[in-house]
2 protein chains.
Amino acid sequence: MAAATKHVVIVGGGFAGLNAAKVLGNQPGLRVTLIDRRNYHLFQPLLYQVAMAALSPADIAAPIRHILARCRNITVLQEEVTGVDLAARTVMAGTATVSYDYLLLACGAHHVYFGHEEWEEFAPGLKTIEQATEIRRRVLNAFEAAECATDPAEQRRLLTFVIVGGGPTGVELAGAIGEMSRYTLTRDFRNINPRLARIILIEAEPRILASFSEKLASEAARNLERLGVQIWPASRVTGMDANGVQVGQERLEAATILWAAGVHASKLGEKLEVATDRQGRILVAADLSIPNHPEVFVAGDQAHFDHGRATPLPGLAPVALQEGRAIAKNILRENAGRTRRPFHYRDKGQLATIGRSRAIVELGRLRFAGFFAWLAWVVVHIYYLIGFKNRLSVLMQWAWSFFSWQRGARLIVSKEWRFYCKREGMPKP
Amino acid sequence: MAAATKHVVIVGGGFAGLNAAKVLGNQPGLRVTLIDRRNYHLFQPLLYQVAMAALSPADIAAPIRHILARCRNITVLQEEVTGVDLAARTVMAGTATVSYDYLLLACGAHHVYFGHEEWEEFAPGLKTIEQATEIRRRVLNAFEAAECATDPAEQRRLLTFVIVGGGPTGVELAGAIGEMSRYTLTRDFRNINPRLARIILIEAEPRILASFSEKLASEAARNLERLGVQIWPASRVTGMDANGVQVGQERLEAATILWAAGVHASKLGEKLEVATDRQGRILVAADLSIPNHPEVFVAGDQAHFDHGRATPLPGLAPVALQEGRAIAKNILRENAGRTRRPFHYRDKGQLATIGRSRAIVELGRLRFAGFFAWLAWVVVHIYYLIGFKNRLSVLMQWAWSFFSWQRGARLIVSKEWRFYCKREGMPKP
């Protein structure tokens, strides 16, 4: 006897949600609704390259409904999910209420400023395409404004870039600004020397890249220094305004401040009244379900999965991807009358890149740095990028950048589309 | 005896200004300042492809200061020019006052709504990257919202696209929406059939493409109809609101309205108190200088150049390009003690493309349409596009689109970069 068709609702089209959907696509006895407030899947590991004018947004994003177009049992809705009723087994999406038999929450994380949310205005984080283009605009505008400035102090402030947070994102941003100022822009200006830009990476811990081994992290630090980046370890930002940052007793005048310090899981988790950790991640069981709610799964940056180490599984793409697939497979197993399997993470290692042709790779005991680590970084990122066209486009742009020392997307685009028609003016940064 | 170094100020980095600068680059006895409020040169003929999600902004734009980096006598300033003092021979750029020996005004044109500037909110024009991404957002959002809508009348309104203006831009926009709805999106939705989208091209004149021959224009009209575009000739838009347009007695409910009807030259020209035409273009002499001001030249969409026909030279890229070069050469001649030459336009013909693999070409008596016209269109546009990398990237994306029937940049990007962090919500279209 065939069972009734089960409805699986997936909230979030990131690595976890999309990969779960792919496993469930065209499977009998299942109907899937994927809800995301965006129309595209974003390849976040390369988002810093959009911010640093090396890639275009479209190179690292693909429309979710096109990726899943051939899965005839999947409906994609572009809506915002505002709440979940665990008892009634329904999800509030926009004005609609959607019931589910299985629910997968994979809503990701966003930046937090440790109680200083007013800092966001001065120091954008890097989680969305909008933020990436905002960072691009600020960095490029700083060089343009410095070229026009006549006061040396103002010029110095405009050419000072402060990055808060020494994790992989902060390191990648600092390295890219270093590369841009030391190589890409050198011949383009007449009144300033971009090579004199000050780039300061501020980290609260005693060293950068805490998740990597000490040896690799110090290798990365040396590579950053070669690009003109100064690292301020064991330093804490205590204040911030439009003109610079306060670091304890010290004050840095800086026109551009970037935030790569703290993240917090999607607020949807806290609305559920289930156990969460300090970063808002939902504590999940061995099969990634919420305790007492076996029909609700959580994956990716929103999940706190205890794998017997000091810290839970980190917020990395391979973790989210494997979690999404494992959850989907368990739904298929259960639908076929079999029992669930606990989730085991297969460590894919971690990588970080530092400017042009330098990276560090750590995979269990295998640890290496330098050009070959960078090649490994290129191969891994191209491999995981979705869609033939995006892969080819990114590979081509990287090849062009590598040989020409240039960046392909040096555009300062305004926020307001009507501005130029109406006022015919350029907004100041 | 060597003459003193002359200072040439160029306002605007479009086809005219950039090509003038290239001729003047590294020439002895000259120093050049190019001022633009943007940091990039924009290849406007392909802007509709950015609006229609086929290309990324960076594919058709290149940083001006990088294009001119090797011209050591050229300084590029990203500033807004707010006025010109013809008597004092100075230009106001931001807070600075720049004196010139020669001035080239090439500030282009913007959209006008014939006294209904309040329509801009409902019907964006297509002159800037910001407007192109706004149009892309509106078009893609309309399909997404229709997929979520439950009321059939609302769904029909969301799937109605009105393009006002049947010139080349309007035809290219309408054709691209036709292609997108009839081919690209067909498999991606579950609740709507994108093929049923209504696309209406409204033209005030008795026929579209008035600058082309009647035969070619009717060929283009037939091609548009094959893509599901309905042409309403001899129709005038009399009203507009957020829900649709009024066309005389008739009313169209439409979520997306695009404006491709009227342009007006940059307002800087009117501030000069020199003779302008109805569209704000400055009347220029045979050498493209302003009468009684031989040291001031005007080129491109801002110039009204009488070449003995019923209408002045049209606002086309080849016109602007040739004018810019001719002006620069006359400055070089004069600087070398020789006399100026009058400007003669070498007709490069005109092209328009209608969706995938159809175009019309008119070059003197040579007139053809169809696939080979489209190939000619591709070759010409790739040839004139600036920079090896942009050419390769665009060619690759076109090849991919041609064989996959897909579009490479189907992203709905928000206007407000802080929105998603703060509210965690999706803005409604």
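First the proteins, then the strands, lettered A, B, ... as listed; each starts at 1.
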From the list A/L55, A/T150, A/I74, A/T95, the residue making the most non-hydrogen contacts under 4.5 Å with chain B is A/I74
Turns out that what part of B/L68 lies under 4.5 Å from chain A's heavy atoms comes down to backbone
When the 4.5 angstrom heavy-atom criterion is applied to A/L42 and chain B, the contacting part is neither
Honestly, the part of B/L185 sitting under 4.5 Å from a heavy atom of chain A is neither
Residues at least two apart in sequence or cross-chain that pass side chain to side chain donor-acceptor pair (under 3.5 Å) with A/E144, listed by chain then number, are B/R65
inquiry  = Is it the case that atom CZ in A/F189 sees more than 12 heavy atoms from other parts of the structure closer than 6.0 Å?
reply    = yes
Value for CG (A/L140) from OH (B/Y40), rounded to nearest 0.5 Å, stands at 11.5 Å
Before giving the answer on side-chain contact (heavy atoms from CB on, under 4.5 Å), spell out for A/Q78 and B/E147 the whole-Å C-alpha distance, their side-chain angles and the decisive distance to 0.1 Å.
-> CA-CA 9 Å; A/Q78 193 192 353; B/E147 174 84 348; over 6 Å; no
Counting distance only, does the side-chain N/O of B/N39 pair as donor-acceptor with the main-chain N or O of A/N141 below 3.5 Å? no
- Message: Apply side-chain contact (heavy atoms from CB on, under 4.5 Å) to residues A/R187 and B/H66 and explain how you reach the verdict.
- Response: CA-CA 8 Å; A/R187 289 148 74 92; B/H66 181 61; over 6 Å; no
The reported gap from CD1 in A/I64 to CG in B/D188 (rounded to nearest 0.5 angstrom) is 11.5 Å
Chain B shares the most heavy-atom pairs under 4.5 Å, among A/P63, A/A132, A/A96, with A/P63
For B/A54, the side-chain contact (heavy atoms from CB on, under 4.5 Å) test, sequence neighbours excluded, returns B/Q49, B/R407
So OG of A/S393 and CG of B/D59: to nearest 0.5 Å the spacing works out to 7.0 Å
I'd like to know if the side chain of A/R190 reaches the main chain of B/V76, judged simply by a donor and an acceptor atom lying under 3.5 Å from each other, with no hydrogens or angles considered.
no
